[in-house]
Amino acid sequence: MAVTTTTPRLRQLLDDWLIEFRSPGTRGSYRRAVEQFAEFIGRDVLEATRSDVRRWVAHISQGEGLKDSSVRQKASAVSSFYRHLKAEGLVDTNPAAEVRRPQGESEPRLGLSAHDARKLITQAESHSRMAAALVWLMAGAGLRVAEACTARIEDLDGDLLTVKVKGGHRQIKPLSEPVLAAVKAATGTRKEGTIVVDRDGHEVTEKKAQRLVRKLAKTAGITEKITPHILRHTAATLALEAGTPLEDVSALLGHRSLETTLRYVRNRDVIGGTREAAATLARTLTHQTRR
């Protein structure tokens, strides 16, 4: 049976896929994108080819005149849909995986370059275990400074850390190997309390964390103005540049909408859970951190 935009079968495939996303806005925009793609090719989406996706991207970009950011978001939705189908064994390949999308405008980078991020991490590791854990939690796991300062040992289960995020709700954050190693080094034999503490065992305040990050950056020779939130920006930007799908970066950062994450898309081709995003980011940040 052909799976096109009007069939109950496609609606079921979409429902099965979209359950992964928390935001109603994301689910709605992603559904519309795949339905538009299905209507464009006019045949079974399970038989779509890379050529189909390329023609559709060109159509919505040039024929319909959509903004580049909208084209990227729609293409990311289709790519995510096919990754889901592939994982379910319904297709052999993702036809949208290597299709180029329009580049973004030349906007200022959000976050540090990979080179400067590695320099900062190296400096933090030389400074103290506390500094290393703090920087890794923000740059390697995408935590906000408040989340990194208040994250507790009791909420660590294997490589999963539950943190209280913006808005008051709790979210599970996967920690990549270097982030987990830094956390374990900072906690030592302690079984409770905040992960990050100063040399006297006191919790580290946000203001103290800000001062420490600025000091580390200065010592590392990083000239641009650095704040802890820049490290969260760094996590998002570097993960995207390493090829992590937009929706996985959005989940990693705990964004409720992909629109928030889209601001990090700049002059890159975003192609396609959260654990993979953390691992990809870790590979970027550990490359040549030690010589």
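Values below: every heavy atom of this structure, side chains too, minus hydrogens, waters and symmetry copies.
- Taking all atoms of both residues into account, the shortest heavy-atom contact from A139 to A235 is O-CB, 3.3 Å.
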What verdict does the side chain to side chain donor-acceptor pair (under 3.5 Å) test give for S79 and R83, after you've listed the backbone C-alpha separation in whole Å, the side-chain angles of each residue and the deciding distance to 0.1 Å? CA-CA 6 Å; S79 182; R83 281 201 312 278; 3.3 Å; yes

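- The minimum heavy-atom distance linking R27 with L18 is given by the pair CD-O, 3.2 Å.
- Residues L134 and A209 approach most closely at CD2-CB, 3.8 Å, considering heavy atoms.
- Hydrophobic clustering, with ILVMFWY side chains joined whenever heavy atoms are under 4.5 angstrom apart, groups I153 together with L161.
- A donor and an acceptor atom, one from each side chain of T162 and D157, are nowhere located under 3.5 Å apart.
- Remark: of the listed residues L46, V45, T93, V45 is the sole one forming a side-chain contact (heavy atoms from CB on, under 4.5 Å) with Y82.
- Taking every heavy atom of both residues into account, A33 and A77 meet most closely at CB-CB, 3.8 Å.
- Side-chain heavy atoms closer than 4.5 Å link hydrophobic residues (I, L, V, M, F, W, Y) into clusters, and following such links, even through other members, never connects V197 to M138.
- Across every non-hydrogen atom of D52 and E47, the tightest pair is OD2-O, 4.3 Å.
- Ring geometry for W17 versus Y30: interplanar angle under 30°, hence parallel rather than tilted (30 to 60°).
- Within 6.0 Å of CZ on R170 lie more than 12 heavy atoms contributed by other residues, nucleotides or ligands.
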Determine, step by step, whether K164 and D155 satisfy the salt bridge (charged side-chain N to carboxylate O under 4.0 Å, His left out) criterion, reporting the C-alpha distance in whole Å, the side-chain angles of both residues, the deciding distance to 0.1 Å, and the verdict. CA-CA 10 Å; K164 187 174 181 180; D155 293 329; over 6 Å; no

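- To the nearest 0.5 Å, atoms CG (L14) and CZ (R32) are separated by 12.0 Å.
- Partner K208 forms a side-chain contact (heavy atoms from CB on, under 4.5 Å) with one of E206, Q210, R211 and no other, that one being R211.
- R214 approaches I226 most closely through the heavy-atom pair CG-O, 3.3 Å.
- Tracing side-chain contacts under 4.5 Å through hydrophobic residues (I, L, V, M, F, W, Y), one reaches V34 starting from V91; they form part of the same cluster.
- Salt bridge present: D15 and R31 bring a charged side-chain N and a carboxylate O closer than 4.0 Å.
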Can E147 and R144 be said to form a salt bridge (charged side-chain N to carboxylate O under 4.0 Å, His left out), step by step? CA-CA 5 Å; E147 297 164 1; R144 298 176 177 86; 2.7 Å; yes

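- If you take CG on L216 and OG1 on T122, they are separated by 11.0 Å, rounding to the nearest 0.5 Å.
- Taking CG from L120 and OG1 from T234, the interatomic distance works out to 8.5 Å, rounded to the nearest 0.5 Å.
- Distance check, rounded to the nearest 0.5 Å: CD of E154 to CD1 of I195 gives 9.0 Å.
- At a cut-off of 3.5 Å, with distance as the only test, a side-chain donor of E125 or W136 sits close to an acceptor on the other residue.
- The hydrophobic cluster containing I41 also contains V71, counting ILVMFWY residues as joined when their side-chain heavy atoms lie under 4.5 angstrom apart, directly or transitively.
- In this model, no donor atom of one side chain and acceptor atom of the other lie less than 3.5 Å apart for S76 and R72.
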